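Down below is the structure, laid out as structure tokens.
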Amino acid sequence: MTFVLEPFDAPNQTGGPGLDDALLAGLNPRQREAVEYRGPSLLIVAGAGSGKTSVLTRRIAGLLQSREAFPSQILAITFTNKAAAEMRERVGQLVGNQAEGMWISTFHSACVRILRREAENFGFTKSFTIYDSADSRALLKRIVKELNADTYGFTVSSASGKISKLKNELQDVESYARGANFSDPAEVMFLEIFRRYTQELSRANAFDFDDLIGQTVYLFRAFPRVAALYRRRFRHILVDEYQDTNHAQYALIHELTRPVASEIAEEVEGANGLTRSHRDQHGAIPGASLTVVGDSDQSIYAFRGADIRNIVEFERDFPNSRVILLEQNYRSTQNILDAANAVISNNFDRKDKKLFTDIGGGEKIVGFTGYSGHDEAQFIADEITKLHESGVDYKDIAVFYRTNAQTRALEEIFIRSALPYRVLGGTKFYERAEIKDAMAYLIAVANPADPLALRRIMNVPKRGIGPATETALQRYADAHEMSLREAVRHAGELGLGPKVTGEILEFGSILDDVMATVYPPEGQAPAKVSDILVALLTRTKFVDSLRASRDAQDEARAENVEELVAVTKEFQKNHPDGTLLDFLTEVSLVAAADDLDDSSGTVSLMTLHTAKGLEYEAVFLTGIEEDLLPHRMSAGEPGGPAEERRLFYVGITRARKRLFLSLAMTRAAYGNVNVAMPSRYLQEIPAELIDWRQSPGMANSRGGTEPRALNARREGSSWGSSLREAAALPPGKPREKTQWANMVTNVVRDNSALVLAAGDRVRHVDFGDGRVTAVTGEGAKRVAEVQFDTAGRKRLLVKIAPIEKVE
DNA sequence: ATCGTCGATTTTTTT
DNA sequence: AATCGACGAT
């Protein structure tokens, strides 16, 4: 990540842009204006699917092509790294390798880049660690425990939520204390939590997610000369998804677009040997031009501090702004847009905006009400199979849901139906314990001040360093005012047993040795990330001890760690000069949508939040039920139901041609089953737009058109008995509930030996009798296609399907 | 210090 | 259903 300051005075400062025709080809008049307009600030209100990415990339390409700006003078902020990569690529297609020097990144990545360069200005070092939410919760947990704050009603999540909220409002401990009510003991306690938390972070040389933005703003405000460097550099700032910016992000943009006063400009450019910038009549460097793109109907991050006012009040905040509205939709059919418009028009305090298209009506929206979450999932699996057979690629199909917990039923059915799928977000690779452990080793050698990472790995693999020893080390560190890491080196002075002492010293010297390769003496190249990781893993016998374990899961864990090694190699390949810090940063800031791979050939499962900004040929919106969408937790929040409606709206507008809305009559949660009611939002869609295959009403009465797969389970041969058969258990002894719940997905049922051929009759526990029409695949992946007498056609993964041959 | 078991607690979305 | 913390046995 280099930071080259190029000479400023770009040619062609005057006159219109006179853009190349190719850049404007195929744009409608509004889009064209959004590309061509030049002025201090521009707000593009871009409805869903209105081609805003196209407009944004052409606008950037225009600035470069007309030589109004050098690449290095452009800062574009996107919502995900994926979107950033896509924008870079598309600008590259328009202007070639010029695109290299631009900053296109997320708020968080851009701030990390600035902070790494400038951290030394205010008590941090460039090797600072980024605490993700799990890390900061772990820290808060210690603090809450130490202070016994739970007696005042504080939980880790309430404290973390409150701190996050304050930081998003740019409040710090001092400013909060000024307005605090000191006669309220709970408030005093919170202040103490906040103070300790802040203190621990800075002692650990660490920032949490919110700090990345907030501290950058602080840096700019406290050090005008530092700020001047960036204000001078970035002449064109573009922000995507502006409706989801919070106050801190808004302030950051504001700071970056300020003009630089004459004296400071002179001083900074003189001191750094920089070319003299273009000045206005007062000798100041004018503020950068700002372009923001957003749609208040798609604001879905208020819970995270996103402030819709940022977009609503843009014209007031940035006087002389131009506002351009993009309403023509190039993505969806009119039926889908009609549904979206109808739903969103129920939010009253909005500027009226109606999406339209000339694509045509298209197919009706399909509705389905299942008897349970599994029934719903089965419907989705069946429809996906049909879509696939009619020529729709799996990668063009997505399934959305409100909460991550809903993936379970979907995954179970998808596995049984042998559908290739992938879950975006959810429990990520990097959240696995063994991966966090391995990462903590890397952090420990990158940032020795971080005690959290050190504590995590001190006893991984087992070295006999338990809580008691850890406390002793911490006490020693506190008494001698040194870091925990330093205390490890002094383990000999603690009077612990010889065995533990030896282990601690060995542990410390491994870290010291490897750290010497990370920060080598002047003139030598630092070690490669993969070499660093491998050195740590081999010397600590991390992988070896996992492989030696008798717990079967540890083998899988070892493989995950090997996978991490592969990730570091891949990283090194993509970034030949990438340092350990670059790697750690990249890992900390991956977003859910980032690991989306278009060529994957799998159905994508994700939350509605992750779906923002994406589009698919066919979309399944699941769990459209009260208490789920709108979610129960949103009911209390002011504006909650409206935000949930926008979430629904976002989901609908992701679909290009086909939209499926589904719900279930009963929904399992925390081990018990609850009755679910259709979402209020369903009624907001005009009835003629939806073709109900099984409507909520039909499902309630006895006239369902689909076979009652789950009723069959209850009435006929019960699931439990056939599973007992499969597992060859004595019939008299029913299995425990918890045991057979997992058998569906686990491999306890193993039909590998079952020989099936087209024409065979089979009996399925849920679907009844049917005839095999085809068998494809090999071994564990053998799939049977069965035409059931009453349940229709299904694809089944033979190995785990609850079926048997009948004569 | 470590391992296993029991019981309580979970309750949204994410950089 | 699954995770986490507390507690007791080795």
Side-chain angles (χ1 to χ4, degrees), chain A residues 77-83 105-112 130-134 136-138 141 145 155-157 160-161 164 167-168 207-214 241 244-246 248-249 299-306 400-406 408-409 412 424-428 431 433 459 462-470 496-497 499-500 503 549-551 585 587-594 606-612 623 627-637 640 643-644 646-648 650-651 667-674 737-739 741-742 745:
Chain A
I77 305 282
T78 57
F79 203 69
T80 63
N81 296 302
K82 166 109 191 328
S105 66
T106 62
F107 270 106
H108 290 84
S109 314
C111 287
V112 170
I130 301 164
Y131 277 13
D132 65 19
S133 357
S136 65
R137 289 177 69 94
K141 198 172 188 172
K145 206 167 180 177
T155 62
V156 172
S157 59
S160 116
S164 176
K167 287 190 176 185
N168 285 332
F207 294 111
D208 66 19
F209 277 140
D210 301 317
D211 283 339
L212 295 177
I213 316 290
E241 309 282 10
D244 284 322
T245 51
N246 60 35
Q249 290 164 334
S299 161
I300 54 174
Y301 281 101
F303 73 92
R304 197 168 88 182
F400 302 154
Y401 37 82
R402 176 67 235 267
T403 69
N404 281 305
Q406 290 167 254
R408 192 152 297 147
E412 278 181 18
L424 272 75
T427 21
K428 283 168 255 162
E431 284 169 12
N459 203 26
K462 299 263 179 292
R463 306 188 165 85
I465 309 176
T469 313
E470 187 195 303
L496 295 164
K499 187 139 182 254
V500 209
E503 288 281 5
S549 156
R550 56 186 182 79
D551 185 344
T585 304
V587 169
S588 304
L589 300 181
V590 288
D594 287 345
M606 70 192 85
T607 65
L608 284 164
H609 283 88
T610 302
K612 192 179 69 159
D627 288 351
L628 212 46
L629 190 76
H631 196 275
R632 178 188 280 124
M633 289 294 113
S634 72
E637 311 277 316
E643 174 144 326
E644 298 283 309
R646 290 194 291 269
L647 205 45
F648 188 42
V650 166
R667 177 80 51 188
Y670 305 108
N672 39 33
V673 178
N674 302 309
K737 208 176 146 202
T738 49
Q739 279 176 293
N742 283 334
T745 43

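As the structure is a computational prediction, the values presented were derived from the model and not from experiment. Sequence lines set the chain letters: A, B, ... in the order given, protein chains first and strands last, and positions in each chain run from 1.
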- [ ] Taking the side chain as every heavy atom from C-beta outward, state whether A:L629 and A:E644 have any atom pair closer than 4.5 Å.
- [x] yes
- [ ] Name the nucleic acid region contacted by A:A669, choosing base, sugar-phosphate or nothing; use a 4.0 angstrom heavy-atom cut-off, strictly under.
- [x] nothing
Open item on the list: Test of understanding: with salt bridge (charged side-chain N to carboxylate O under 4.0 Å, His left out), list the residues that count as partners of A:R667, not counting sequence neighbours.
Closed with: A:E376, A:E625
Task: Sugar-phosphate, base or nothing in reach of A:Y301, heavy atoms under 4.0 Å - done: sugar-phosphate
Open item on the list: If I take atom CD in residue A:E470 and atom C1' in nucleotide B:dA1, what distance separates them, rounded to the nearest angstrom?
Closed with: 13 Å
Polar atom pairs between nucleotides 10-12 of chain B and protein, under 3.5 Å, N or O only, would you list them?
{"residue": "B:dT11", "atom": "O4'", "partner": "A:Y670", "partner atom": "OH", "Å": "2.4"}
{"residue": "B:dT12", "atom": "O4'", "partner": "A:H631", "partner atom": "NE2", "Å": "3.3"}
{"residue": "B:dT12", "atom": "O2", "partner": "A:R402", "partner atom": "NH1", "Å": "2.9"}
{"residue": "B:dT12", "atom": "O2", "partner": "A:R402", "partner atom": "NH2", "Å": "2.5"}

Task: Atom-pair distance (CG on A:N81; C1' on B:dT14), nearest Å - done: 13 Å
Open item on the list: For the CG atom of A:D627 and the CE atom of A:M633, what is their distance to the nearest 0.5 Å?
Closed with: 8.5 Å
Open item on the list: If you only use heavy atoms from C-beta on, which nucleotide in B:dT15, B:dA1, C:dA2 is closest to the side chain of A:F209?
Closed with: B:dT15
Open item on the list: Say we look at B:dT13 and C:dC4: how far apart would their P atoms be, to the nearest angstrom?
Closed with: 16 Å
TODO: Could you tell me whether A:S109 contacts a base, only the sugar-phosphate backbone, or nothing, with contacts defined as non-hydrogen atoms closer than 4.0 Å?
DONE: nothing
Open item on the list: If I take atom CD1 in residue A:I300 and atom C1' in nucleotide B:dT15, what distance separates them, rounded to the nearest angstrom?
Closed with: 13 Å
- [ ] Hey, could you give me the CZ/NE2 distance between A:F207 and A:H108, rounded to the nearest 0.5 Å?
- [x] 12.5 Å
Open item on the list: Just the rounded figure in Å: distance from P of B:dT13 to CG of A:N168.
Closed with: 18 Å
Open item on the list: A side-chain contact here means heavy atoms from C-beta on lying under 4.5 Å apart; do A:L589 and A:F209 qualify?
Closed with: yes
Open item on the list: If you define the side chain from C-beta out and look only at heavy atoms, does anything of A:Y401 sit under 4.5 Å from A:T607?
Closed with: yes
Task: Comparing A:E643 and A:T469 on DNA chain B - which has the more 5′ nearest nucleotide - done: A:T469
Task: Separation of B:dT2 P from A:I465 CD1 (nearest whole Å) - done: 9 Å
TODO: Send over the distance from A:R137 CZ to C:dC4 P, rounded to a whole Å.
DONE: 11 Å
- [ ] Can you tell me the distance, in whole Å, between the OH atom of A:Y401 and the P atom of B:dT13?
- [x] 10 Å
- [ ] Examine B:dT2: is either OP1 or OP2 under 4.0 Å from a nitrogen or oxygen in the side chain of A:N459? Give yes or no.
- [x] yes
Open item on the list: I want to confirm an ordering. Mapping A:D210 and A:V500 to their closest nucleotides on DNA chain B, which one lands closer to the 5' end?
Closed with: A:V500
Open item on the list: Rounded to whole Å, please give me the gap between CD in A:Q249 and C1' in B:dT15.
Closed with: 8 Å
Task: Heavy-atom side-chain contact between A:K167 and A:D208 under 4.5 Å - done: yes
